[in-house]
Amino acid sequence: MNDFINTYGFLIISLVLQAILALSMYLPLMAGQLSLATPGFYAIGGYVAAILSVRTFLPASGTTFPEPLQSFVLWLGTVFPATPQGQAFPVSLLLVEMLIAGVLCGLLAIIVGLPALRLRGIYLALATIAFVEIVRVVSLNLPITGGSIGIFGIPQPYPTKFEFAWIAVPFLVIVALFVYRLERVRVGRALVSLREDELAAAAMGINPTYHKVLAFTLGAVIAGACGALSAHFINTWNARQGTFDASILILAYVIIGGSRTWLGPIVGAFLLTALPEVLRGAADVQGIPTFLAQFLKDGRLIIFGLLIAFSTLFFPQGLITPNLFKRRGGSEGER
Amino acid sequence: MSDTNGLLRIGSLTRAFGGLVAVNNVSFAVNEGEIFGLIGPNGAGKTTLFNLVTGLTPPTSGELYFKGRNITGSRPHQIAKLGMGRTFQNIRLFPNLTALENVMVAQHIHTRSGVLSGVLGLPRDRREEREAREKAQGLLEMVNLADRAQVQARNFPYGDQRRLEIARALALQPKLLLLDEPAAGMNPNEKAGLSTFIREVKEKFSLTVLLIEHHVPTVMGLCDRIAVLNFGQLIALGNPAEVQSNPAVIEAYLGDES
Amino acid sequence: MLAQQLANGLAIGSVYAIFALGYTLIFSILGIINFAHGAIFTLGAYFTYTLMGLQFGFNGLLAQQKLPFGLPFWVALLVGAVIAGLFGVFLERIIFRPLRARGADPLLTLVASLGLAVAIVNIIQYLVGAETYSYPSGAALPGAPASVNFGTTEAPVIIRTAQLIIIAVAVLILIVLTFFINRTKTGRALRAVSEDATTSSLLGINTNQLIRLTFFLSGFVGGVAGTLVGLNVGITGPYLGISFGLKGLAVIVLGGLGSIPGAVVGGLLIGIVEALVPASLVSYRDALAFAILFIVLLVRPQGLLGRPLIQKV
Amino acid sequence: MSAQSVLEIRGLTVNYGAIQALKDVTITVHAGEVVTLIGANGAGKSTTLRAVSRLLNPRSGSIQYQGKDIARLRADEVVRAGIAHVPEGRRVLARLTVEDNLRLGAFVRTDNEAIEADLQAQFKRFPRLLERRKQLAGTLSGGEQQMLAIARALMSRPQLLLLDEPSLGLAPIIVREIFSIIRDLNQSGVTILLVEQNATLALKNSARGYVLEAGQITLEGPAGALIEDERVRRAYLG
Amino acid sequence: TAQDQAPIQIGVAVAQTSNVALLGQEQVIGAQIAEAFFNERGGVNGRPIQLVLQDTAGDEAGAINAFQTLISANVVGILGPTLSQQAFSADPLAEQAGVPVLAPSNTAKGIPEIGEFIARVSAPVAVVAPNAVAAALDINPDIKTVAVFYAQNDAFATSETGTFQETVTARGLTLLPVQTFQTTDTDFSAQITNVLPSNPELVIISGLAADGGNLVKQLRELGYTGLIIGGNGLNTSNVFPVCQALCDGIIIAQAYSYQADTEINRAFVEAYTAGQGKNPPQFSAQAFAGIQVFVEALTRLDNVIPLETLDVAQTRALLNAFILTGRYDTPLGTLTFTRDGEIIQAQFYVAQIDMADDGQTGQFVFIR
Ligand SMILES: Nc1ncnc2c1ncn2[C@@H]1O[C@H](COP(=O)(O)OP(=O)(O)OP(=O)(O)O)[C@@H](O)[C@H]1O
Ligand SMILES: Nc1ncnc2c1ncn2[C@@H]1O[C@H](COP(=O)(O)OP(=O)(O)OP(=O)(O)O)[C@@H](O)[C@H]1O
Ligand SMILES: [Mg+2]
Ligand SMILES: [Mg+2]
């Protein structure tokens, strides 16, 4: 058991964090908005935590800021004291970082979302990818984000990766419960009606802009806080954490898992994150022929890709559909 | 424009699509409590006029007043909130939602529950949710769809979808109900039933109804007054008898043998 | 200097454009973003390499292998592109058609194409390694100079020959495709299928056959593009095409989804914007390109040449 | 009535998931006839037409067209065999022009000159379409779209025409026009299976009729007899 | 003999997939040659070694997963990961678990400082890079203006360019505005146009093989005739197919020379050439050296305390101490470590690329 946790502890927490990101992308999708901005907010959240905990904001010897910025920076330095060697980073501060990251991303989401959410479908997707790219390039250029090397040596709140479960699991549970409930109440119904038919929804008195920005912002808050947690979790943070590839991968979680109910994104994230590692593990299973073991190792991404492609055939609405929960009329006769 | 003090006043409304003037300088008023018909040949601009009134299409020029307020340029959800509900000529239900959910969505403006309180399920929100559900169920009963409340809207046959749309519009508790060809796709028997139904809900909810319909007996039997559009222009306005005998209307719309 | 930067933009942009042409073709007919296009593009480059009878490197299953014969470059390019086209048809048969038959969400199709892309890229790596390959220099136009100066010696406007070939071929493909789609009966049927496949079948259109044709054309164009880009920058590994995925998407969206001239205009425009970024801001180049894309979309939500999103209520 | 049958539907059963939409439906249409199918909302009229044009797969039953089984053909092959379907809800190709829509109606034909002539004939029939020739079909008014859908179906010169509520959303003048077209077509030898809510008008223009209730045929007979039938009068003629 | 006993497992966590695989594949080859080579010579006092390969792919999570798997598999030490950024996230795990790590190619600043158990056999760029500038000035003492290009999204290229720029300034040369690109770029004409009108006499490129090779090619095609220095990312025969004949003359500082005339290097070159048909690149040599350090340190340890008497944790801890205190004659030359784990390498080289007339094959000719 201990062995298992040692080997797979990191993976298990990764699953949880990826599931949170999947839900963050699911929220705007609930309102029919194909936003791929999640990795952008995730990256920003991570930088917030990295900068605060590694104290990169503190001016290197001698540099001073003009007042009142200087006092603010000094004050920030007292709030986030240096973590002494060999001592754990206080969990309370980690939670504060998550909060700050969430709020910051939320505000940014409103600013980005108000203009961007006038776009639809693929156009919106691309505008949000543009956002992700801009965040990436800017963080490559700023000194405070450490350029392409990024920020490393982020202090650890726990001695082992698996213990991040103390924060990650409740975080996922809260987010999942939130989305689960949201789907069943007034605001959630308004979001879904926008996905179904925006014009008709507007004619029923639902303010499209407000609700779209709301869903987008909620997603951003979650992604930002998740980024803050992840920065500690993977020790280092750099511009490669929030990229187009991540956008697409998270979208795959949501779609493969099922994009019409809260459980889908979670299941999708679990499966797709675990799969390459399961294949890695399968190669080490005793007794399988060496050629197969070799292929499982070298070709594991081939299998991964094919599984993604072909699973869509068997679950054309995603793995988890609302019909799993309630019985509704199907349409098998339609060609 | 100044003499009438109707619930809905349309002043010199014009809408052009490129070179095509779909609605051309139309003015009239719909009085509170009446059933007002809008007829005219295909492509005369009736649906466009509906879209202008409900804010889905911005006018090229002209003005709109609803309950005495200038609503020109208001957004659709704002107009809906003021008390205007509508159905669509090409049915626009929320296809993957159940009939019940379709109706509940339309109660949005009459419920309060916010994101957090709703998610937390505070007692007040639970009550509100339950009431909304009951009210929606009641509306479905009125349109005879209560037994299929849990069926997704897209699985309803055409005629039932029309009725569901009406139920959904009623859930807005509108002052003014706009129906775009509500009887399309119904047989004469069902059309007669629909007429009765419209009259009933009008009384029950003290509605004003603005209605587009091509089925002449339905229109004539139901409406207090009728406006006739042709090529975007208002060519006649009056009670059914007047309109029916108007030579211009016969020529453009009814045809001679009716 | 400005003229040279514009020429640079044209050159960069033509690569984006030629990549985007096949990409947009599938989008315009099927309404799906086919991420596997980047992989087919890459395959095209490798097919041509193989058909020229050139040898593979030291990694992968096919290490040190080569065909017993070798075709001249342009013949290999055409045959390779046909194989790439057939490969597209094959993917259509095994994934996209079944998905259509099951009424899958377009996003799911996108994800499936992503899976295919991952698989293909890794199959390439499994077979021939991650090494770089290239066609022999001068393969395309033996004896031609490496670049052509369109300006004077004092104020040079230089474009590299490989890029001139790409520009020429991109324009040729654009003309042929535009004519085909707008002027022929099959083209009209294709547009019908892109609107509504069910209704099209009610008009006697064999939708599956046309969609197959689309995949063939897209794969063919992608194969040609992959080879030409390989000629320009070398076959830089299995990720050659995938690395264009993001820019390619930006290009077809900027140009207007489904618009074939839009792909070319969008490609050239992004290329020119990138080239005109002042030297001091060059490290923000990608951000600027995307910022401009963002702004263009806010002003013209349907892209430059896209048809406005009509919604008759 | 002894004419050979063009369309023979036997024992047709169609399910939508768990819902049975048609049960053991049997309908015969003879060459040169107009046959009307009436029934309440959701009775299965559209489903019947969709099964014939192969937009859906029946669970069981046979569909024979001119003596050949078409239950295994693809939708486009059915069109090539000579059947045109004006579907419920118009389904014009929204982002193609009116003219493109019409030309696509003749997709299965290769006689280019005759196609041009037919195009002009449709424009003559529906002058509104001529006016709107270059307009995108999706921006037409509802009624205009309906005209386009009918004209488009005629462009394939069908031998059997399936019409699903052709008068839906049309002004009275145009409705009359549609029925005169139906008569003309029929006189020129086209066989027609008509679904129509305006049952009186439809039956007046047909030879025979079927009444569909909850997925089953409950009545059939000569049109005149159906118009007189008390049950039909009460349920469908209002 | 070596085959009788259970082998000692050494982990190798490098990028076998993703777009970093180009480098990772070279490392795997080097490590595998070392495995065969040392087992042939009796392994660790008669006990064979066995490599346990885990793919890190190109990202941080992949590196962490690979490291976790290896740590749990009870390897005595780990060679890896490929990228510095991956090292920053994965190495702390090994540090925590007390597993010695040798970085085969992490040249960024701060790697050995991650912890006691982290050391590297890859000399930091700051040490290697200046040699190339010196060599260029030897060839052309008239160099005045220098243009610098670097791949902004690559940690390695970013730190390398810093060193290059410092060297250039320190030597009193004029530095033109620095041009950046991304490793995924394929067209560099815009950047080239930015500097070419200023007539630089030397161009320095920090990037990876594909982008760097294309940059060289396009510089030449657009008319640049001066000297070109390539950073360590271009230090692989994989640039040959990219710039072909135009690669000719690129100056590259080396931490390794296949011409180094030592016994171990001759053996390594022979083994590599037999399998791969070309001369070994630096990445393979460094991976070989990494395994060699493990083997020799294990051997010394075994001489002092027999390995059978130690459990895994003890082996790992002692191995780390033995690694840092040893002196190794590797293909890279003689290596020792500082107490931090920083490499002290005795010798560096500068090579120039010489392309054959067909423009397809080439070799690195050592000039220093
Ligand atoms: N978005 C648009 N772009 C171009 N033309 C349009 C647009 N919307 C409507 N039209 C045109 O405006 C005219 C009026 O259309 P509208 O839908 O209002 O007609 P209608 O009176 O409702 O007709 P029907 O009874 O057939 O529904 C039509 O000729 C139509 O083609
Ligand atoms: N896609 C579908 N999925 C599930 N059920 C369907 C679907 N389409 C139709 N049905 C059901 O099949 C039955 C028959 O529908 P159909 O559309 O054939 O009726 P109809 O007679 O044409 O009615 P209308 O006059 O309203 O057009 C109805 O009960 C309807 O609910
Ligand atoms: Mg209308
Ligand atoms: Mg029907």
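Note that these values count all heavy atoms, side chains included, but never hydrogens, waters or copies made by symmetry. Below, chains carry the letters A, B, ... as their sequence lines are ordered, and counting in each starts from 1. What you see is a predicted model; the values in this text were computed from it and never measured.
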For residues 118-125 of chain C, tabulate all N or O donor-acceptor pairs below 3.5 Å that involve a side-chain atom, not counting sequence neighbours.
from   : atom 1 : to     : atom 2 : distance (Å)
C/N122 : ND2    : C/V118 : O      : 2.8
C/Q125 : NE2    : E/Q16  : O      : 2.6

Check each atom of [X] against the heavy atoms of chain C and say whether the ones under 4.5 Å are side chain, backbone, both or neither.
X	answer
E/L246	neither
E/Q152	side chain
E/P177	neither
E/A21	both
E/S18	both

Non-hydrogen atoms of chain E under 4.5 Å away: do they reach the side chain of [X], the backbone, both or neither?
X	answer
C/D286	side chain
C/Y239	side chain
C/Y135	backbone

For chain E, find its close neighbours in [range]: heavy-atom separation under 4.5 Å, sorted by number, or none.
range	result
residues 5-20 of chain C	C/Q5, C/N8, C/A11, C/I12
residues 246-255 of chain C	none
residues 151-163 of chain C	C/I158, C/R160, C/Q163

Can any side-chain N or O of E/K217 pair as donor or acceptor with the backbone N or O of C/N232 at less than 3.5 Å?
yes

Report yes if some heavy atom in the side chain of [X] is under 4.5 Å from a heavy atom in the side chain of [Y]; otherwise report no.
X	Y	answer
C/S134	E/Q360	yes
C/F244	E/T186	yes
C/T236	E/L22	no
C/V233	E/Q218	yes
E/D185	C/R285	yes

Contact winner vs chain C - [options], heavy-atom pairs under 4.5 Å:
options	result
E/V242, E/L222, E/V28, E/T184	E/L222
E/L23, E/D187, E/V178	E/D187
E/D211, E/T236, E/N194, E/D358	E/N194

Looking at C/Q55, I want to see if its CD is surrounded by more than 12 non-hydrogen atoms of other residues, nucleotides or ligands under 6.0 Å.
yes

Distance-only polar pair, side chains of E/Q25 and C/N59, donor-acceptor under 3.5 Å
yes

Can you check side-chain contact (heavy atoms from CB on, under 4.5 Å) on E/Q191 and C/V277, steps first, answer last?
CA-CA 10 Å; E/Q191 288 95 331; C/V277 170; over 6 Å; no

Smallest separation among heavy atoms of E/A190 and C/A275, with atom names
CB-CA, 3.9 Å

Minimal non-hydrogen separation, C/S137 against E/Q244, with atom names
CB-OE1, 3.2 Å

Counting heavy-atom pairs under 4.5 Å with chain E, which one of C/A63, C/S280, C/S283 comes out on top?
C/S283

Please round to the nearest 0.5 Å and tell me the distance separating atom CG of E/N238 and atom CD of C/E131.
6.0 Å

